[in-house]
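Numbers here simply count residues along the sequence, with the first being 1.
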Amino acid sequence: MEKYTSVHDVPDVTALLNEALQCKKTPWEWENLGKHKTLGLLFFNPSLRTRMSTQKAASHLGLQIISMNIDKDGWKIETEEGVIMDGDKAEHIKEAAGVISQYCDILGVRSFPGLINKQMDYQDEVLQNFIKYASVPVLSLESAIRHPLQSLADLMTIEEHKQTDRPKVVLTWAPHPKPLPQAVGNSFAEWMNQADVDLVITCPEGYELDSQFTGNATITHNQNEALEGADFVYAKNWSSTASYGQVINTDRSWTISKEKMALTNQGKFMHCLPVRRNMVVTDDVLDSPASLVLEQANNRTYSAQAVLKRLIK
Ligand SMILES: NCCC[C@H](NC(=O)CCC(=O)O)C(=O)O
Ligand SMILES: NC(=O)OP(=O)(O)O
């Protein structure tokens, strides 16, 4: 693989999934694969899981790691072409990407959307410019529109817990006090379209995800109907797509509760974390055996390891 930004960069999703499952069984089997190579991790936004799990994955492969909170510790980066740099941005992404390519053999980038201008956000400028100007493979640590390392970990978790060949997977919007990116929802939907699952997406009006990600999913505004018979309930908030980047619905009847889970087929609860308790999901669901959130977080290590293995090659 030359880069890892979406499911479309993966030639064989089943093979990558199996590789991630194998990494979980024998994490140290390839401990010299990355010897004398360096992984750079660049964060424009906060992270707990992505940062720690990707570092852990890299250590399993013998990679050296340089991690940087570029938003706090680096120079402000200009991404526009041909601009007169007379403002507060001291370094152009062209030089930044070129320089980092001198120090690193693989580069991971996390960059969230501005949530002001949909067209601009959906061009995924920061990630795409790093790909354009870096001379090493780039992987997304969650970009403006996708979170592919999370989605691969989610696919692994479903694979490990499914009781039927084709489980019913429900992606449900849930309330949140702040406007959040659409990346996790977009990416999960896109990956589930490549998996052998029956995908249903439910959200309030004005929150419909773009059809380029939802693909063949059934889409409904009726959450209770969607949850009926679900094997997996994947909850996530995202900001409005119609009134782009805004919070236009705070209806707490969308919160995943014990009563909502009772509609499912003894369904498992999933969330990428961090999660707002008793906004997105109630304590009794998150603290119950139905919750897979820690397993998802654990699988982040092995999804990252499988991806890094391919990028090293
Ligand atoms: N990487 C996983 C989720 C990251 C981000 N969540 C957040 O920003 C939550 C912030 C808060 O709850 O204040 C998102 O939704 O894309
Ligand atoms: N799920 C996830 O990506 O978590 P972080 O934002 O903490 O990395």
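The local environment of CH2 in W75 is sparse, with at most 12 non-hydrogen atoms from other residues, nucleotides or ligands closer than 6.0 Å. Atom CD of Q163 sits in a sparse spot, with 12 or fewer heavy atoms from other residues, nucleotides or ligands closer than 6.0 Å. Around the CE atom of M85, the shell of radius 6.0 Å holds more than 12 heavy atoms that belong to other residues, nucleotides or ligands.
Between the side chain of N265 and the backbone N or O of D231, no donor-acceptor pair lies under 3.5 Å. Checked by atom type and distance alone, the side chain of T264 pairs as donor or acceptor with a backbone atom of M261 at under 3.5 Å.
Ion pairing between a basic and an acidic side chain is recognised when a charged N comes within 4.0 Å of a carboxylate O; R110 and D71 show no such pairing. Under 4.0 Å is where a charged nitrogen must lie from a carboxylate oxygen, and between K268 and E295 no such pair does. Salt bridge status for D198 with R166: absent, with no side-chain N to carboxylate O gap under 4.0 Å.
A heavy-atom distance below 4.5 Å is not found between the side chains of V293 and V275. A heavy-atom distance below 4.5 Å is not found between the side chains of N18 and Q22. Using a 4.5 Å cut-off on side-chain heavy atoms (C-beta onward), K56 and R300 make no contact. Within the 4.5 Å cutoff, side-chain heavy atoms of Q296 are placed close to those of Q150. Between F213 and N193, the closest side-chain pair of non-hydrogen atoms is not below 4.5 Å. I201 is not listed as a side-chain neighbour of F188, based on a closest heavy-atom distance of 4.5 Å or more. With a 4.5 Å cut-off on side-chain heavy atoms, E208 and H221 count as touching.
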Test side-chain contact (heavy atoms from CB on, under 4.5 Å) on F232 and K162; report intermediate values, then the result.
CA-CA 8 Å; F232 296 91; K162 70 181 187 187; 4.1 Å; yes

Decide side-chain contact (heavy atoms from CB on, under 4.5 Å) for T301 and H60; before the verdict, give the C-alpha distance in whole Å, the side-chain angles of both, and the deciding distance to 0.1 Å.
CA-CA 9 Å; T301 298; H60 287 160; 3.9 Å; yes

Between E81 and K94, is the salt bridge (Lys or Arg N to Asp or Glu O under 4.0 Å) condition met? List the steps.
CA-CA 9 Å; E81 289 271 348; K94 282 190 188 181; 3.5 Å; yes

Before you tell me yes or no, could you show the steps for Y103 and T38 under side-chain contact (heavy atoms from CB on, under 4.5 Å), namely the whole-Å CA-CA distance, both residues' side-chain angles and the distance that decides it to 0.1 Å?
CA-CA 7 Å; Y103 308 142; T38 302; 6.0 Å; no

Pair Y4-V10, side-chain contact (heavy atoms from CB on, under 4.5 Å): steps then yes or no
CA-CA 8 Å; Y4 184 74; V10 181; 3.8 Å; yes

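Between L39 and the choices I312, D105, L308, L311, the side chain to side chain contact (heavy atoms under 4.5 Å, CB included) rule is met once, by L308. With M192 as reference, I158 is the one residue of N216, L171, I158 to meet the side chain to side chain contact (heavy atoms under 4.5 Å, CB included) rule.
A distance of 4.5 Å separates NZ of K89 from CD of E78, quoted to the nearest 0.5 Å. To the nearest 0.5 Å, atom CG of residue L149 and atom SG of residue C272 are 12.5 Å apart. Atom OG1 in T241 sits 11.0 Å away from atom CD in E205 (nearest 0.5 Å). Between I145 atom CD1 and N186 atom CG the span is 7.0 Å, to the nearest 0.5 Å.
Here the closest heavy-atom approach between residue S151 and residue S187 is recorded as OG-OG, 2.7 Å. Of all heavy-atom pairs between L21 and E159, the closest is CD1-CG, 4.2 Å. For the residue pair S240 and G206, the shortest heavy atom distance occurs at OG-O, 2.7 Å. Here the shortest heavy-atom pairing between R252 and P175 reads CA-CG, 4.0 Å. Taking each heavy atom of M156 and S303 in turn, the nearest pair found is SD-N, 4.2 Å. The two residues K3 and D9 have their closest heavy-atom pair at NZ-OD1, 2.7 Å.
Partners of H147 under the ring pair (Phe, Tyr, Trp, His ring centres under 6.0 Å) rule, at least two apart in sequence or in another chain, do not exist in this structure.
With hydrogens and angles left out, the side-chain atoms of Q223 and T172 include a donor and acceptor closer than 3.5 Å. Counting only N and O atoms by type, the side chains of N299 and E160 include a donor and acceptor under 3.5 Å apart. A side-chain donor from one of T282 and D284 sits under 3.5 Å from a side-chain acceptor of the other. Looking only at atom types and distance, the side chain of Q119 has no donor-acceptor partner in the side chain of Y244 under 3.5 Å away. No donor-acceptor contact under 3.5 angstrom links the side chains of N129 and T79, judged on distance only. Side chains of S59 and Q55: a donor-acceptor N/O pair is absent below 3.5 angstrom, by distance only. Counting only N and O atoms by type, the side chains of T5 and R146 include no donor and acceptor under 3.5 Å apart. A side-chain N or O of Y234 and one of D154 form a donor-acceptor pair less than 3.5 Å apart.
Members clustered with L42: F44, M68, I70, I77, I93, I100, L107, V109, V126, L127, F130, I131, Y133, V136, V138, by chain and number, using a 4.5 Å side-chain heavy-atom cutoff among hydrophobic residues.
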